[in-house]
*Asks:* 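What follows is a structure written as structure tokens; I'll ask about it next.
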Number of protein chains: 2
Amino acid sequence: MYTNGRRLHYFVTIADLGSLGRAAQTLHIAQPALSRQLRLLEESVGVPLLDRNARGVTLTPAGHSYYASARRLLDDAVLASARAVRTARGEVGHLGLGILEIYAWHESVLRALQTYRQQSPGITFTIEAMLSGAVTQRVLDGHIDMALAYTGPLADDGPLAAVPWIEDTYLLAVHEDSGLSRRPPRRLADLNDEDFILFRRDRSPRLHDLLIHHFHQHGLTPRIVQEGTTHYTVLGLVAAGLGCTVTPASAKRRLPPGVKLVAVSDLDVRMPINLVWRKDNPSPLIPRFVDLLCGDRPPA
Amino acid sequence: MYTNGRRLHYFVTIADLGSLGRAAQTLHIAQPALSRQLRLLEESVGVPLLDRNARGVTLTPAGHSYYASARRLLDDAVLASARAVRTARGEVGHLGLGILEIYAWHESVLRALQTYRQQSPGITFTIEAMLSGAVTQRVLDGHIDMALAYTGPLADDGPLAAVPWIEDTYLLAVHEDSGLSRRPPRRLADLNDEDFILFRRDRSPRLHDLLIHHFHQHGLTPRIVQEGTTHYTVLGLVAAGLGCTVTPASAKRRLPPGVKLVAVSDLDVRMPINLVWRKDNPSPLIPRFVDLLCGDRPPA
DNA sequence: TGGTGTACATAGCAAAATTGTATGGGATGA
DNA sequence: TCATCCCATACAATTTTGCTATGTACACCA
């Protein structure tokens with residue numbers, strides 16, 4: 001029923017030596033045992049693999065075919081174990097990384113990935129860029145191993161672990177040709193009459209609510225005239241002159257042409273970005289990535 | 001020590017179902033047996049493959065790696081048997097064919113190969129073109145399965161079997177601009193003063209001796225001024241105007257420019273070309289190829 | 001032609017590996 | 001705290017594998 005590695009090894013040895021007797025010597029077992037094992041193998045395969053003649057045995061055509069397969073199976077079985085061991089040691093493996101779209105090209109991330117690859121060339125990465133709402137969910141699902149995201153406060157006994165990465169501040173993004181560019185607003189309340197653009201709430205409800213709450217506290221009820229699905233589409237709408245938005249300061253690395261960032265005194269939203277993962281994810285790659293990206297800060 | 005197919009199947013089932021208990025049910029064995037087999041597998045691999053928690057088991061990173069390998073190993077093991085069976089049936093396989101260089105493009109050969117491939121797309125061929133001396137040796141060695149070659153008379157109890165294929169006649173090959181082309185020789189004896197080219201004796205001693213013997217019998221002692229290693233290099237020398245040679249009539253399909261063939265009355269060497277193979281070669285592909293190439297003529 | 005040696009197959013028993021039953025221990029949830 | 005679920009352990013039962021002795025077929029040789 002099942003292919004036994006021992007039998008394959010017996011068969012390969014017999015075929016190599018062309019003789020049951022010599023193979024038995026080499027394998028340190030008695031010749032009749034080999035004879036039986038060979039018969040069992042042939043029965044499980046379904047066709048004779050060796051021709052028995054007076055001077056020994058020779059491979060049948062089917063035997064030649066099976067011999068090639070057997071050698072490969074034996075090699076592959078050894079490789080499978082070796083690969084598993086190396087995976088356990090963290091020398092090879094895969095790390096699925098979710099990341100807020102805005103940080104996908106952040107130099108700190110890029111440096112960490114680069115260093116990781118230098119230290120362990122066997123590691124492969126998948127980077128998924130998305131907005132905060134989805135990213136945490138995919139870590140919980142187990143679709144990705146780690147994420148850089150705004151998670152809000154985490155329960156200590158929850159399934160997720162996190163360490164702080166950076167704390168991003170928010171700036172106002174305006175078009176260079178707009179009135180806001182010529183007469184920069186001093187406070188958020190000055191923006192009440194401006195056309196406002198924001199990402200859709202369903203993409204990252206937590207962040208959306210946090211921003212809106214902050215605006216209200218400082219006397220701003222933004223007139224949202226347009227919504228984008230991502231930071232970049234939102235900034236694209238700003239570049240098109242359709243209004244202004246707030247955006248993480250990290251976005252300054254990739255601003256569309258015509259858009260500039262303006263600091264507003266009471267826009268002091270601080271968004272802590274965490275590196276999060278499931279506590280029960282046993283991948284040995286995770287602590288190393290944490291170290292690389294966040295140094296040796298204490299876990300949050 | 002050896003990877004057992006049964007254990008791999010157990011492991012894959014456990015991983016698929018995420019539980020030893022459910023896997024035991026599916027596999028129709030008791031749960032403790034599975035527990036033990038799993039432990040043995042992990043010991044042979046060298047690292048834990050599954051994390052045991054209260055609700056079942058989950059794959060470790062090493063387990064993920066090994067799971068992928070295990071699935072492939074199981075599939076490959078099944079394929080190995082299937083391939084061996086199909087090889088035994090002659091549905092797939094390999095046929096190594098040695099052929100006299102001059103017949104490598106012979107339409108009869110090409111048609112046979114084409115038909116074979118249509119009937120059995122799984123068959124692969126290796127065609128080796130060489131001169132007669134080497135070709136028989138390689139059949140005896142077992143390096144190739146069959147050959148089209150001049151073998152001379154075969155002993156009935158020898159290791160080789162043969163059926164006649166074609167009987168080639170020999171013609172004189174001369175350069176168009178030579179004196180021989182303008183005044184064609186009537187008999188071999190007319191060639192005593194001509195520059196002669198022949199292949200090297202070590203490449204096909206039998207054929208070489210047969211030709212020389214025939215020449216002597218008809219009063220020709222060829223003045224061999226040049227030797228080539230193959231029919232084609234010899235014909236190349238003729239095309240270069242260095243002399244004349246004799247060549248199988250089959251060569252007319254591929255003559256170099258400037259060379260033409262001339263019949264000489266007493267050059268009536270008949271060279272029977274046989275399809276030969278080792279009698280003890282059990283490949284089921286051989287009789288089919290014999291039928292295709294030689295029809296149902298009786299074996300010689 | 002019959003002996004002799006070599007090589008694989010078979011038989012019967014012993015050893016080892018695998019499985020089943022009964023039971024234990026730790027985590028989970030009412 | 002108790003019931004429940006799930007995997008681990010212990011030991012007996014069964015199956016598989018291996019060893020020794022012997023049989024059979026074939027080639028080689030006198």
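We name chains A, B, ... by the order of the sequence lines, and we start the count at 1 in each one.
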*Asks:* So does A:Gln31 reach the base of C:dA9 with its side chain, donor to acceptor, closer than 3.5 Å?
*Replies:*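 When only heavy-atom distances are counted, A:Gln31 does reach the base of C:dA9 through a donor-acceptor pair under 3.5 Å.
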*Asks:* May I ask you to say what B:Leu40 touches in the nucleic acid, namely base, sugar-phosphate or nothing, with a heavy-atom cut-off under 4.0 Å?
*Replies:*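 Sugar-phosphate contact only.
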*Asks:* Does this structure show an ion pair linking A:Arg7 with A:Glu43, if we count only N-O contacts that are shorter than 4.0 Å?
*Replies:*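 Salt bridge between A:Arg7 and A:Glu43, a charged N being under 4.0 Å from a carboxylate O: no.
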*Asks:* Rounded to whole Å, please give me the gap between CG in B:Leu20 and P in C:dG20.
*Replies:*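 One finds 14 Å between P of C:dG20 and CG of B:Leu20, rounded.
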*Asks:* Donor-acceptor check, side chain of A:Ser69 to backbone of A:Ser65, threshold 3.5 angstrom: yes or no?
*Replies:*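 Confirmed, A:Ser69 side chain pairs with A:Ser65 backbone.
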*Asks:* What is the separation between atom CZ on A:Arg22 and atom P on C:dT6, rounded to the nearest whole Å?
*Replies:*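 Answer to the nearest Å: 13 Å.
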*Asks:* Which of these nucleotides, C:dT19, D:dC7, D:dT20, is closest to any side-chain atom of B:Ser19?
*Replies:*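 Within the option list, the nearest is D:dC7.
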*Asks:* Both A:Leu34 and B:Val57 contact DNA chain D. Which one's nearest nucleotide lies toward the 5' end?
*Replies:*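 It is B:Val57, whose closest nucleotide lies nearer the 5' terminus.
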*Asks:* At under 4.0 Å, does any side-chain N or O of A:Arg52 touch on OP1 or OP2 of D:dC26?
*Replies:*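 A:Arg52 to D:dC26 OP1/OP2: no side-chain N or O under 4.0 Å.
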*Asks:* Taking atom CZ of B:Arg36 as the centre, report whether more than 12 heavy atoms of other residues, nucleotides or ligands fall under 6.0 Å from it.
*Replies:*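 Open.
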*Asks:* Measure from the side chain of A:Arg7, starting at C-beta and using heavy atoms only, and say which of C:dA7, C:dT18, D:dT17 lies closest.
*Replies:*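 Ranking C:dA7, C:dT18, D:dT17 by closest atom to the A:Arg7 side chain puts D:dT17 first.
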*Asks:* Please check the phosphate of D:dA8 (OP1 and OP2 only) for any side-chain N or O of B:Ser35 closer than 4.0 Å.
*Replies:*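 True: B:Ser35 side-chain N/O within range (under 4.0 Å) of D:dA8 OP1/OP2.
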*Asks:* Looking only at side-chain N and O atoms, does B:Arg6 offer a donor or acceptor that is under 3.5 Å from a partner on B:Tyr10?
*Replies:*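 No, no side-chain donor-acceptor contact under 3.5 Å.
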*Asks:* Check the phosphate of D:dC7 against B:Arg39, side-chain N and O only, distance under 4.0 Å to OP1 or OP2. Yes or no?
*Replies:*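 For D:dC7, OP1/OP2 do not have a side-chain N/O of B:Arg39 under 4.0 Å.
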*Asks:* Among A:Val57, A:Leu59, A:Leu41, which residue satisfies the side chain to side chain contact (heavy atoms under 4.5 Å, CB included) criterion with A:Leu49?
*Replies:*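 Exactly one pass, corresponding to A:Leu41.
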*Asks:* Would one find a side-chain N or O of B:Tyr2 under 4.0 angstrom from OP1 or OP2 of D:dT17?
*Replies:*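 Result: no.
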*Asks:* For B:Tyr10 and C:dT18, what is the distance between atoms OH and P respectively, to the nearest whole Å?
*Replies:*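 In whole Å, C:dT18 P and B:Tyr10 OH are 10 Å from each other.
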*Asks:* The side chain of B:Ala30 lies closest to which of these nucleotides: C:dT21, C:dT18, C:dC8?
*Replies:*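 The nucleotide sitting nearest to the side chain is C:dT21.
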*Asks:* Please report the distance, rounded to the nearest Å, between CZ in A:Arg6 and C1' in D:dT17.
*Replies:*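 Taking CZ of A:Arg6 and C1' of D:dT17, I get 7 Å after rounding.
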*Asks:* Measure from CD1 on A:Ile29 to P on C:dA16 and round the result to the nearest Å.
*Replies:*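 The answer, rounded to whole Å, is 15 Å.
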*Asks:* Could you state the atom-to-atom distance from CG of B:Asn53 to P of D:dC7 in whole Å?
*Replies:*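 Distance check: B:Asn53 CG to D:dC7 P gives 9 Å.
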*Asks:* Could you tell me which non-hydrogen atom of B:Ile286 sits nearest to which non-hydrogen atom of B:Asn281, and how far apart they are?
*Replies:*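 B:Ile286 and B:Asn281 have their closest heavy atoms at CD1-CG, 3.5 Å.
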*Asks:* With a 4.0 Å limit, can you tell me whether B:Arg55 has a side-chain N or O closer than that to the phosphate oxygens OP1/OP2 of D:dC7?
*Replies:*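 For D:dC7, OP1/OP2 do not have a side-chain N/O of B:Arg55 under 4.0 Å.
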*Asks:* From the set D:dC7, C:dT10, C:dG20, return the single nucleotide nearest to any side-chain atom of A:Pro32.
*Replies:*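 The closest nucleotide is C:dT10.
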*Asks:* For the side chain of B:Gln37, starting at C-beta, report the closest nucleotide among C:dA7, C:dT18, D:dT17.
*Replies:*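 Between C:dA7, C:dT18, D:dT17, the one nearest the side chain of B:Gln37 would be C:dT18.
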*Asks:* Is any side-chain N or O of B:Arg36 closer than 4.0 Å to OP1 or OP2 of D:dC7?
*Replies:*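 Answer no for this pair, as no side-chain N or O of B:Arg36 is under 4.0 Å from OP1 or OP2.
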*Asks:* Could you state the atom-to-atom distance from CG of B:Leu8 to P of C:dT18 in whole Å?
*Replies:*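 Atom CG in B:Leu8 sits about 13 Å away from atom P in C:dT18.
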*Asks:* Within this structure, what is the CG-to-C1' distance between A:Asp51 and D:dA25, rounded to whole angstrom?
*Replies:*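 Going from A:Asp51 (CG) to D:dA25 (C1'), I get 15 Å.
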